[in-house]
Peer 1: 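Handing you a structure now.
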2 protein chains.
Amino acid sequence: MASTRRPGTEAEPRTGPSPGRSAAADPAAGASAGARPTSRDVARHANVSQATVSLVLGGKWQGRVSPGTAETVRSAARTLGYRPNLAARSLRLGRTRTALLVVPALTHDYFARVHTGASRVATEHDFGVVLYPSPEGTGPAVDPFGSARAALDGVIASSMAPEALAALRDGGQLPLVMLDSDPEGDRAAATVNLDIADGMHQAAAHLLGLGHRRIAHIAAAVDSWTFGVRARALARAVAGTAGRLVGTERSGLSVEDALEAATRALAARPRPTALICDDDLLAAGACKAARRLGLRVPEDVSVTGFDDLSLATALEPELTTVRLPAEEVGAEGMRALLAVLDGRRANSPVLPVQLVRRGSTAAPADA
Amino acid sequence: MASTRRPGTEAEPRTGPSPGRSAAADPAAGASAGARPTSRDVARHANVSQATVSLVLGGKWQGRVSPGTAETVRSAARTLGYRPNLAARSLRLGRTRTALLVVPALTHDYFARVHTGASRVATEHDFGVVLYPSPEGTGPAVDPFGSARAALDGVIASSMAPEALAALRDGGQLPLVMLDSDPEGDRAAATVNLDIADGMHQAAAHLLGLGHRRIAHIAAAVDSWTFGVRARALARAVAGTAGRLVGTERSGLSVEDALEAATRALAARPRPTALICDDDLLAAGACKAARRLGLRVPEDVSVTGFDDLSLATALEPELTTVRLPAEEVGAEGMRALLAVLDGRRANSPVLPVQLVRRGSTAAPADA
DNA sequence: AAGGACACGTTGTACGTATAACCTCGACGT
DNA sequence: ACGTCGAGGTTATACGTACAACGTGTCCTT
């Protein structure tokens with residue numbers, strides 16, 4: 001009792017002439033081997049209707065199709081190598097199971113990791129991720145929904161500037177999950193944040209505990225929520241202690257820029273004994289600056305980074321830095337988006353961060 | 001004579017009942033503001049047929065639609081905020097204008113740059129790129145076409161191992177462009193390669209020219225065409241010169257692994273005076289190893305890298321390395337794929353590479 | 001004056017899928 | 001003997017778009 005044969009399903013009657021299709025255009029037509037099989041081909045092969053194929057392969061056949069027929073259909077699909085046409089499915093369902101991930105720059109290790117995490121969770125849920133390499137060269141007015149070729153179900157945006165965010169929401173009324181962004185400006189359905197303030201507190205406390213009293217801040221000159229938090233948290237962490245913030249130098253997010261900024265910071269007299277940097281890239285530049293001034297790290301000047309990029313352990317000395325669970329941020333962002341799309345209540349976690357003590361910090365010599 | 005009014009286009013006669021759609025399901029229905037506008041909405045707004053809208057917005061209206069009507073249509077589309085439904089378009093056209101990019105790991109700067117380049121060219125041609133984070137955690141048998149949710153027009157694969165490549169081609173009969181891969185195994189429609197051999201020759205010649213005679217190779221323990229080329233090219237470059245290859249240590253593609261490998265290489269007696277590394281990450285590890293052994297770079301041992309990652313200039317001393325035009329590789333790959341899809345003849349360029357001399361190499365002390 | 005030829009649109013499909021609504025049996029209770 | 005009911009399917013759409021094929025008036029040629 002493998003399959004229940006039915007009459008009347010053998011010859012698929014074409015409902016009418018099809019003037020819109022010139023079959024003579026394709027010289028290879030006639031042989032059925034060329035084109036990709038459709039659900040109708042599977043149906044023909046299994047002696048059932050296309051609807052049955054859809055039911056079986058869609059998993060909704062319980063009590064509507066007999067187990068034997070279901071297995072026949074699955075087997076036919078397998079032998080034909082059937083893969084559903086995603087465009088057709090998306091058109092029918094109005095959903096694409098694809099999310100847009102907007103990041104400032106994929107070449108920054110942090111965002112690459114965020115992508116990895118988001119992509120992993122997406123794959124687990126049969127979802128896709130398409131990247132939007134954020135408006136750096138093309139100007140800020142690029143429409144993500146124009147350039148992202150895929151139809152989208154939702155958006156995950158990391159470290160978005162406020163104005164870019166506005167453009168995003170205007171472009172499409174899609175569910176939005178924000179990463180590393182101001183949780184107050186809640187145009188988002190959910191937010192995933194890191195406890196950046198705590199990280200900065202840990203870094204500052206670490207330096208203060210070592211005896212540092214003159215600390216300079218190498219700040220990222222990027223208009224992003226996360227860097228604002230870092231500056232404020234550092235100010236608060238130092239306030240009321242024996243230490244002092246003896247300068248803030250703003251720098252672009254590159255080693256070269258940071259080298260210049262740190263050189264300026266180290267020109268102050270009395271010289272700061274520690275540089276607290278907004279990013280590991282900046283910390284790398286700070287180390288270079290120190291050494292060019294004839295100062296040793298950490299003996300003459302301590303340096304801390306932020307993010308714990310792979311760079312942190314490639315440098316020498318290895319960077320003391322604040323480790324951010326980047327992949328987890330991406331993963332949680334995707335989970336939140338999936339929850340929203342399911343109509344479930346998405347939580348907006350704040351993930352903990354952890355100072356990692358390595359070789360770039362030590363007690364100051366003059367303490 | 002702005003627009004030619006026509007009778008009979010006012011009331012769009014619904015061709016029949018639509019039992020497949022329960023309008024009562026959506027409580028917000030009735031008001032026309034909720035849903036995304038379709039080309040038919042634009043047509044209604046502009047008093048033309050949907051076909052005309054398609055012609056105008058598709059740009060194929062020359063001589064078929066009057067300029068005035070065309071402008072009316074465009075204006076209507078603008079005010080309604082019309083965006084074509086990509087799923088429907090893909091279904092109709094059988095093409096998606098989306099390419100799959102397969103890379104081993106996006107967290108490696110090189111591949112992030114390849115993606116950037118490919119993505120840039122894609123955007124210029126109104127194409128999309130979806131990433132396939134290659135089978136590292138999930139095992140090598142993952143089907144890229146199952147996990148990539150988008151329907152695809154073609155595939156660009158970088159540094160693919162042979163067996164993974166086979167799985168790729170079995171999965172879908174899509175045009176394939178290979179990057180950094182064996183040009184002989186031409187299952188690909190086109191290949192984009194770097195002149196890796198020349199790069200290795202430049203590095204070796206540089207060291208030999210400085211007077212180095214005992215050179216060790218820190219080789220990447222990755223089964224990839226590009227690393228095979230590096231090893232063979234190095235052997236050839238050194239053969240017949242006053243220099244000698246005094247050891248090859250294989251290492252995983254991480255700083256930690258490279259540290260161990262380089263430590264082994266530097267344990268040889270007489271000690272090599274130069275380490276030539278397959279990758280900047282490995283070079284970073286080599287520098288760490290040297291310093292832990294009390295050796296200075298470059299005074300006691302010279303180190304060269306490969307790729308010119310951002311890491312190269314973050315280190316101190318900055319790495320002498322072979323610069324690879326990563327973005328250009330991605331861009332050329334996408335151009336080649338677009339050419340193939342257009343039915344044009346795609347060329348398979350071999351891009352030049354350039355040694356960048358920095359601080360990690362110098363003449364040996366004992367020369 | 002007749003017959004194109006052209007400009008400017010329109011009507012009608014089909015792409016492949018998912019599902020609502022319908023149909024056809026055999027079994028079963030009364 | 002006959003309605004009824006459920007199991008196990010089928011038939012008929014519609015999603016939104018891009019054309020192929022087919023009208024219309026209008027002007028120009030012969």
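Order of the sequence lines sets the chain letters (A, B, ...), proteins ahead of strands, with each chain counted from 1.
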Peer 1: For side-chain contact (heavy atoms from CB on, under 4.5 Å), just list the numbers for B:V102 and B:I156, CA-CA rounded to whole Å, side-chain angles, deciding distance to a tenth of an Å, and then say yes or no.
Peer 2: CA-CA 6 Å; B:V102 184; B:I156 303 175; over 6 Å; no

Peer 1: Once side-chain contact (heavy atoms from CB on, under 4.5 Å) is applied, do any residues pair with B:S54, and if so which ones, sequence neighbours excluded?
Peer 2: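 B:S54: side-chain contact (heavy atoms from CB on, under 4.5 Å) contacts with B:Q50.
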
Peer 1: Which comes earlier along DNA chain C counting from the 5' end, the contact point of A:Y82 or that of B:V65, where each point is its nearest nucleotide?
Peer 2: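 Counting from the 5' end, the first nearest nucleotide belongs to B:V65.
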
Peer 1: Has B:S90 got a side-chain N or O lying under 4.0 Å from the OP1 or OP2 atom of D:dT17?
Peer 2: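 Answer is no, no contact under 4.0 Å.
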
Peer 1: Taking only residues two or more places apart in sequence, or in another chain, which ones meet B:R344 in a side chain to side chain donor-acceptor pair (under 3.5 Å)?
Peer 2: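 With neighbours one apart ignored, the set is B:D342.
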
Peer 1: Output the rounded distance in Å from CZ (B:R44) to C1' (C:dT10).
Peer 2: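 So the two atoms are 16 Å apart, to the nearest Å.
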
Peer 1: In whole angstrom, give the distance that lies between atom CZ of B:R95 and atom P of D:dC19.
Peer 2: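 Rounded to the whole Å, the gap is 8 Å.
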
Peer 1: Consider the side chain of A:S39, meaning its heavy atoms from C-beta on, and name the nucleotide among C:dT17, C:dA21, D:dT17 that approaches it most closely.
Peer 2: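 Per side-chain heavy atoms of A:S39, the pick is C:dT17.
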
Peer 1: Output the rounded distance in Å from CD (A:Q50) to C1' (C:dT19).
Peer 2: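 Whole-Å distance recorded here is 10 Å.
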
Peer 1: Could you tell me whether the side chain of A:R64 has a donor or acceptor atom within less than 3.5 Å of a complementary atom in the base of D:dG9?
Peer 2: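 Checked by distance alone, the answer is yes.
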
Peer 1: Between C:dT10, D:dA12, D:dT17, which nucleotide gets closest to the side-chain atoms of B:R40?
Peer 2: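 The listed nucleotide nearest to B:R40's side chain is D:dT17.
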
Peer 1: Answer whether the closest heavy-atom distance between the side chains of B:E327 and B:V114 falls below 4.5 Å.
Peer 2: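 In short, these two side chains do not touch, never coming nearer than 4.5 Å.
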
Peer 1: Taking atom C1' of C:dG16 as reference, at what distance in whole Å does atom CG of A:L80 sit?
Peer 2: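 Answer to the nearest Å: 15 Å.
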
Peer 1: Under the side chain to side chain donor-acceptor pair (under 3.5 Å) rule, collect the residues that match up with A:D153, sequence neighbours excluded.
Peer 2: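 Partners of A:D153 by the side chain to side chain donor-acceptor pair (under 3.5 Å) criterion, ordered by chain and then number, come out as A:T96.
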
Peer 1: From CG of B:L86 over to C1' of C:dG16, roughly how many Å is that when rounded to an integer?
Peer 2: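 It is 17 Å, rounded to the nearest whole Å.
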
Peer 1: Please determine if a side-chain N or O atom of B:T38 lies less than 4.0 Å away from the OP1 or OP2 oxygen of D:dC15.
Peer 2: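 The answer is no; no side-chain N or O of B:T38 sits under 4.0 Å from OP1 or OP2.
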
Peer 1: Measure from CG on B:N85 to P on D:dA14 and round the result to the nearest Å.
Peer 2: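 One finds 17 Å between P of D:dA14 and CG of B:N85, rounded.
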
Peer 1: Can you list the residues that meet the side-chain contact (heavy atoms from CB on, under 4.5 Å) rule with A:A122, with sequence neighbours excluded?
Peer 2: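 Once residues adjacent in sequence are excluded, the partners of A:A122 under the side-chain contact (heavy atoms from CB on, under 4.5 Å) criterion are A:F127, A:V129, A:M334.
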
Peer 1: Write down the distance between CG (B:L93) and P (C:dC15), rounded to a whole number of angstrom.
Peer 2: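 Roughly 14 Å, once rounded to whole Å.
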
Peer 1: Let's see if you get this right: which residues in residues 52-60 of chain A place a heavy atom under 4.0 Å from DNA chain C?
Peer 2: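 Result for residues 52-60 of chain A: A:S54, A:K60, sorted by number.
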
Peer 1: What pairs with B:R335 under side chain to side chain donor-acceptor pair (under 3.5 Å), at least two apart in sequence or on another chain?
Peer 2: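 Per chain and number, B:R335 pairs via side chain to side chain donor-acceptor pair (under 3.5 Å) with B:E328, B:E332.
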
Peer 1: Can you figure out which of D:dA12, C:dT10, C:dG16 approaches the side chain of A:L91 most closely?
Peer 2: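 That would be C:dG16.
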
Peer 1: Between A:W61 (CH2) and C:dA20 (P), how many Å, whole number?
Peer 2: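 Computing the A:W61:CH2 to C:dA20:P distance gives 19 Å.
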
